[in-house]
Amino acid sequence: MRILVVEDDDILRDGLEVGLRIAGFSAETVASLADARAGLAAGRFDVIVLDLMLPDGSGLDLLDEIRRSGSDDPVLLLTARDKVEDRIAGLDHGADDYLVKPFDLDELAARLRALVRRVNGRAQAYLVWDHIQIVPATMELSVSGTPVSVSRREFAVLQSLMESPTVIQSKRALEEKLYGWQEEIESNAIEVHIHHLRQKVGRDAIETVRGLGYRMRKA
């Protein structure tokens, strides 16, 4: 799951990047509205975490731009403003959720997972495809009821495929969900992750669509 974090506090921003990665997210972090606009122009994100008070303006201005563009990407506001009227203003501008600083990182991660579930039209906190079940909150995988150990990135690939199991996802799209802007990506990284996953969940569980990408396949 790819997250854009817009936060100007250096310590908090770095902590969010590390903490969200540990929680299984691919977190890209920027410190200004200008950098956020550039990031949004360069790629798509599953959720945007947006601070309200930024050095070059209000996060609400960016939120207005996002909604005027027709985008319905979920946006969670982070702010030190805890008055009811501030929360109402943020939600009325088009935010999907609101979290007041200071906050617990586990709560933020849970709210992000809930937003993605809502966007994907599901209520349950787990994903099932044929004999495979995953729990994103705990990064647990079971195959025919048996727990299976996978790496963080293997889990991220499988989660991305299982969230839209019949949709072909390109190698590039999967890379964007797994790796940050500054990370060096091996040319065959996705192929290696897919190879390892097939060994663990079944050779035929993930289909290669030649020249296009990957999708889940039912037995």
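Numbers for residues simply follow the sequence, beginning at 1.
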Identify, with sequence neighbours excluded, every residue that meets salt bridge (Lys or Arg N to Asp or Glu O under 4.0 Å) alongside Glu163. none
Under a 4.5 Å cut-off applied to non-hydrogen side-chain atoms, are Ile66 and Ser71 in contact? yes
For Gln199, which residues count as a side-chain hydrogen bond (donor to acceptor under 3.5 Å, both in side chains) partner, sequence neighbours excluded? His195
Out of curiosity, Leu161 CG to Ile168 CD1, how far, rounded to the nearest 0.5 Å? 11.5 Å
Got a sec, which residues hit side chain to side chain contact (heavy atoms under 4.5 Å, CB included) with Met139, two or more places apart in sequence or on another chain? Arg152, Phe155
Hits for side chain to side chain contact (heavy atoms under 4.5 Å, CB included) against Thr138, two or more places apart or cross-chain, chain-then-number order -> Val135, Glu140
Counting N and O atoms only, with roles assigned by atom type, does the side chain of Ser164 sit under 3.5 Å from a partner on the main chain of Val167, one being a donor and the other an acceptor? no
Check the pair Arg113, Phe25 against side-chain contact (heavy atoms from CB on, under 4.5 Å), reporting the backbone distance first and the verdict last. CA-CA 10 Å; Arg113 288 190 293 267; Phe25 301 97; 3.9 Å; yes
Does Tyr126, at its OH atom, have more than 12 non-hydrogen atoms belonging to other residues, nucleotides or ligands within less than 6.0 Å? no
Under a single-linkage definition using a 4.5 Å side-chain heavy-atom cutoff for Ile, Leu, Val, Met, Phe, Trp and Tyr, are Val201 and Leu178 assigned to the same hydrophobic cluster? yes
Give the minimum heavy-atom separation between Ala23 and Ala109, together with the two atoms involved. CB-CB, 4.3 Å
Set of residues satisfying side-chain hydrogen bond (donor to acceptor under 3.5 Å, both in side chains) with respect to Thr208, sequence neighbours excluded: Arg198
For side-chain contact (heavy atoms from CB on, under 4.5 Å), just list the numbers for Asp97 and Leu91, CA-CA rounded to whole Å, side-chain angles, deciding distance to a tenth of an Å, and then say yes or no. CA-CA 7 Å; Asp97 202 353; Leu91 295 170; 5.8 Å; no
Heavy-atom closest pair (Gly145 atom, Pro147 atom, distance to 0.1 Å) is O-CD, 3.7 Å
Please enumerate all residues that pass side chain to side chain contact (heavy atoms under 4.5 Å, CB included) together with Asp9, with sequence neighbours excluded. Glu7, Ile11, Leu12
Treating Asp204 as the side-chain partner and Arg217 as the backbone partner, does any N or O pair qualify as donor plus acceptor under 3.5 Å? no
Residues at least two apart in sequence or cross-chain that pass salt bridge (Lys or Arg N to Asp or Glu O under 4.0 Å) with Arg172, listed by chain then number, are Glu176
Given 3.5 Å as the limit, does a donor-acceptor pair link the side chain of Arg21 with the main chain of Ala27, or not? yes
If Ile, Leu, Val, Met, Phe, Trp and Tyr residues are connected whenever their side-chain heavy atoms lie under 4.5 Å apart, and connections chain through other members, are Leu16 and Leu54 in the same group? no
Residue pair Leu99 / Leu77, side-chain heavy-atom distance below 4.5 Å: no
So Lys101 and Asp51, do their side chains get closer than 4.5 Å, heavy atoms only? yes
Mind checking the CZ-CD1 spacing from Arg2 to Ile48? Nearest 0.5 Å is all I need. 11.0 Å
Interatomic distance, Asn188 atom CG to His193 atom NE2 [nearest 0.5 angstrom]: 9.5 Å
Quick one: salt bridge (Lys or Arg N to Asp or Glu O under 4.0 Å) partners of Glu107, sequence neighbours excluded? Arg111
For a 4.5 angstrom cut-off between non-hydrogen side-chain atoms, does Met1 reach Val116? yes
Worked check of side-chain hydrogen bond (donor to acceptor under 3.5 Å, both in side chains) between His196 and Glu154: CA-CA 8 Å; His196 289 163; Glu154 288 166 4; 3.2 Å; yes
Quick check: is Leu76 connected to Leu60 through a chain of hydrophobic side chains (ILVMFWY, heavy atoms under 4.5 Å apart)? no
With a 4.5 Å cut-off on side-chain heavy-atom distances among I, L, V, M, F, W and Y, is there a chain of contacts connecting Leu20 to Phe45? no
side-chain hydrogen bond (donor to acceptor under 3.5 Å, both in side chains) involving Asp64 - partner list, sequence neighbours excluded: His93
Kindly compute the distance separating OG (Ser32) from CG (Asp8), expressed to the nearest 0.5 Å. 9.0 Å
Would you say the side chain of Ile190 lies within less than 4.5 Å of the side chain of Tyr214, judging by non-hydrogen atoms? yes
Listed by chain and number, what are the side chain to side chain contact (heavy atoms under 4.5 Å, CB included) partners of Asp96, not counting sequence neighbours? Arg67, Pro74, Val75, Leu115, Arg118
Hey, any chance Leu78 and Leu4 share a hydrophobic cluster, counting ILVMFWY side chains that come within less than 4.5 Å of each other, even indirectly? no
What distance do Leu158 atom CG and Leu197 atom CG have between them, rounded to the nearest 0.5 Å? 5.5 Å
For Arg117, check side-chain hydrogen bond (donor to acceptor under 3.5 Å, both in side chains) against everything at least two apart and list the hits. none
Where do Arg37 and Leu62 land on the side-chain contact (heavy atoms from CB on, under 4.5 Å) test, with the steps shown first? CA-CA 8 Å; Arg37 291 183 180 107; Leu62 179 62; 3.9 Å; yes
Taken to the nearest 0.5 Å, the spacing of Leu174 CG from Ser160 OG works out to 5.0 Å
Side-chain contact test, heavy atoms from C-beta onward, threshold under 4.5 Å: evaluate it for Ile134 versus Met162 and give yes or no. yes
Any donor-acceptor N/O pair, Lys200 side chain to Ser149 backbone, under 3.5 Å: yes
Heavy atoms, side chains only, cut-off 4.5 Å: are Val49 and Val6 in contact? no
Measure the shortest side-chain to side-chain distance between Leu63 and Leu50 over non-hydrogen atoms and say whether it is less than 4.5 angstrom. yes
Would you check, one step at a time, whether the test side-chain contact (heavy atoms from CB on, under 4.5 Å) holds for Ile206 with Val157? CA-CA 11 Å; Ile206 300 173; Val157 170; 5.7 Å; no
Taking only residues two or more places apart in sequence or in another chain, which ones pass salt bridge (Lys or Arg N to Asp or Glu O under 4.0 Å) with Arg13? Asp10
